[in-house]
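Scope of the values below: all heavy atoms of this structure, side chains included, with no hydrogens, waters or symmetry mates.
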2 protein chains.
Amino acid sequence: MLEDKNPQKTSLAELGEFGLINHITKYFKVENTSTIKAVGDDAAVLDASEKQTLVTTDLLIEGVHFDLSYMPLKHLGYKAVMVNLSDVYAMNAVAEQITVSIAVSNRFPLEAIEELYAGIQLACNTYKVDLIGGDTTSSTKGILISVTAIGKANKEDVVYRNTAKETDLIVVSGDLGAAYLGLQVLEREKQVFKVNPQNQPDLDNYTYLIERQLKPEARKDIAGILKELEVKPTSMIDISDGLSSELFHICTQSKVGCKIYEDKLPLDPQVISACEEFELDSTMVALSGGEDYELLFTVPISNFDKIKGNPNFSIIGHITEENQGLQLITRANQEIELKAQGWNGLQNE
Amino acid sequence: MLEDKNPQKTSLAELGEFGLINHITKYFKVENTSTIKAVGDDAAVLDASEKQTLVTTDLLIEGVHFDLSYMPLKHLGYKAVMVNLSDVYAMNAVAEQITVSIAVSNRFPLEAIEELYAGIQLACNTYKVDLIGGDTTSSTKGILISVTAIGKANKEDVVYRNTAKETDLIVVSGDLGAAYLGLQVLEREKQVFKVNPQNQPDLDNYTYLIERQLKPEARKDIAGILKELEVKPTSMIDISDGLSSELFHICTQSKVGCKIYEDKLPLDPQVISACEEFELDSTMVALSGGEDYELLFTVPISNFDKIKGNPNFSIIGHITEENQGLQLITRANQEIELKAQGWNGLQNE
C-alpha cells in the first residue's frame, strides 16, 4: 500500500541520505552498556569486556526472499532482524547490537521506509538490541536489507555446530513446518486475489501458520531455559533452511550420523490440517519447510530426564556413528536416508 | 568479460549456496588471534580481550555505486573491502575482520564470483583482515556487495568525529580529487568505446587517476605514523563523500566552524592537468569529488611542527568558533561559505 506514488508522500531524494539516516535513527535508543557509540561516526564502538563477540549477517532481497504483495514492510523489518538474532541465539549467546543496510528504489516514499524501520525498532525494543549503524542507498530495482547482528557470550558458553557426540540426544524447540505452510496459504490467496480482487479471504484456520511466516520470533528464551535446567548443549544451530539441512550441517561438521523419528517431529494441529488440505506430507514439510527459526541442538543422553516433558522441547532422535549416515525412522519403522535438501531429496526416493 | 554465458562456465545454481560458500572461503586463512571462529557456524566468534570493538558497514550496488563495464570484478571486491576498512582506520583503530554478503543474478557464472573474491582475498591478505562470515544469495538484477568491517582499539585511542576543538589544525592525508577524475576518464572512454569499439585508448596520462578510482587503498598506515609522531588527533573521519561533506560532519558534530585554504588543498599534478582538460575547477573537484579514502583529522595547534613538512600530510586550515561557519579562503583571499555538497552547492553561488 505504501508503494504507490502518492504526491503527499515524502520523496527520498528530497530528504537525502543523511537526512534519511537522522530521520530513521532518532527514535532508536541504546539499551546495552556494551554499546559505547552507535550510529553517527565512521564505525560503531563496542566494549565486549571479558566476553567473546559473535557476528552474523544475512541479506534479504525482494523477489528472492520476500514478496511485498503479502509481506507488510513493518513485518519485513521485524523478520530481517529475527533472522539474524536467531543465528546469535543458536550460538547460545545474547544478541546486543545490529547494523541495518538498506537499498530502495525510487518507487518507495519515505513513509515506506518508516514502516520498515518501525518493524526493525519493534524488534530492537522487544529483544533489547541496539541499532548501531548501517548504510542507506538507492537501488535500481526493488528493496533489499542486509542485517549484521552482534552478540556476546562467556567463552565457555558458546556452542558450535561441530561438537555433537555419539549417543547425544537431538532436540528441537517449538514446532516445525508452520512458516512454510503460511507461505503456501499466502501464495494461494495472492493467486485468488489476482483472479477475483473482491474475494475476502477467510484465514481463521491459518492464523498460526501466517504469523509464523510473517512475524517469526527468534528463540531468545532458550539459552535461559537451558541454563535453568543446567543443560549445556553439545552443539546447536537454528532452523532456517529446514530441519534436514540443519541436521546435515551438525552431522557433517561434527563427523557423526543421526537417527530421527518421524513420530517425534513436533507439529502444530494447524500444520497437520493444512498439510491435508494442500495434499502435502507433514513429515516432508517439517524436514524441509524452512524459516521456522527454532533451535536444533544436541545434549548428552544423561540430560534425558531434564528435557523430556519440557513443553519447550521435543527429543526427536539421537546422534550415531558417522558411518551410519543420517536416517529417518518412519512410523512404519522403515529407515530412510535423509538428504541435505530433505524435500527434494526424498521426493526422488 | 566474465559476464557472457559461456557454456564451459560453472553455473551458480549447479553449485548451490553451501557449495559456493565452501568454494569461496577455502582459500581464506585466519590471520588474527582475535578471530576465534570465522566462517562455518551460525555466527563468527571474536575475542576483543580488553579492547573496544569497532563495527562499520557499507553496501555497494551495481548501477548505483559501480559500473562493471569498466570496473573489473576483482577490483570491485578489493574496493568493497577498502571502503569499509577506511571507516575503521578513521576511528584510529586496527581492522581485523570482515563479513561479505553478495547477491548475484544468474548472468554471472562461478568464475565471475571467483574474480570478485580474488579481489576480496587480496585485500584481506594485504591488510591482514580475516573473512569471518557472510551470506550469498541470488538477486533479481545485477550484483551487490554488503561488507561489514570489525576493528579493535584501546579505549583511549579511539578517535570520534565530534571532538574537534577551536584552534585545532585541520589535516588531510595524501591528495584529493584523483578518484573522481579517474571516474570521469573511464566514463569518457566508455562513451568513445560505444561509438568506436576499435579505438585503443591511450590512458598513460591518467594512470594515477584511474588507479585511485579502481584500486583505492585505505590509509592503514596513518595510525602508526601519528603514533610515531606522538600526535593524537582530536577528531577524524575518512573522505568518502568529498572533503566538503566530511568537514560538515566534523564541524556539525563537534559544534565548531572551520576555515580552509584553497592554496593548501593537496592536488596531484595529474589532477591539475586533467581538470584543465575536462574544464573542471580543481578546487571543486578536491572539495566534492569523493572516493579519495584519505583521512581528514584535526590536531591541537601545538602539533604544528610535527605535522608540517611530513610528506604524508597537508595542513589545510583550522577549526573556528561555531558561529563562524565553514569557510573556504580562496587564492584571491575571498571568503566563500562551504556547502555540505560543495560541488553542487558552490555551483549555485
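Residues passing the ring-ring contact (aromatic ring centres under 6.0 Å, His included) test with B:Tyr89, sequence neighbours excluded: none.
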Item to check | Residues B:Lys141, A:Thr140; criterion side chain to side chain contact (heavy atoms under 4.5 Å, CB included); working and verdict | outcome: CA-CA 8 Å; B:Lys141 188 181 169 194; A:Thr140 51; 3.6 Å; yes
Checklist entry - Between A:Thr57 and B:Val100, does a side chain to side chain contact (heavy atoms under 4.5 Å, CB included) hold up when you go through it step by step? => result CA-CA 8 Å; A:Thr57 190; B:Val100 177; over 6 Å; no
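To the nearest 0.5 Å, atoms CD1 (B:Ile145) and OG (A:Ser146) are separated by 11.5 Å. Rounded to the nearest 0.5 angstrom, B:Ser139 OG and A:Glu62 CD are separated by 12.5 Å. To the nearest 0.5 Å, the span separating CG on B:Leu46 from CG on A:Leu54 amounts to 8.0 Å.
For chain A, the nearby parts of B:Leu59 are the backbone and the side chain; heavy atoms of each come within less than 4.5 Å. For chain B, the nearby part of A:Lys51 is the backbone; its heavy atoms alone come within less than 4.5 Å. B:Leu144 touches chain A through its side chain: at least one heavy atom from C-beta onward sits under 4.5 Å away, while N, CA, C and O do not. For A:Ile150, the part lying near chain B is the side chain, with the backbone staying farther off; criterion is any non-hydrogen pair under 4.5 Å. For chain B, the nearby parts of A:Ser101 are the backbone and the side chain; heavy atoms of each come within less than 4.5 Å.
Partner of B:Val55 under the side-chain contact (heavy atoms from CB on, under 4.5 Å) criterion, chosen from A:Thr148, A:Val45, A:Thr53, A:Ile132: A:Ile132.
When the candidates A:Ala153, A:Ser240, A:Ser138, A:Gly133 are compared by the number of heavy-atom contacts under 4.5 Å with chain B, A:Ser138 comes out ahead. Top candidate by heavy-atom pairs under 4.5 Å with chain B, chosen from A:Asn162, A:Val88, A:Val158, A:Val64, is A:Val64.
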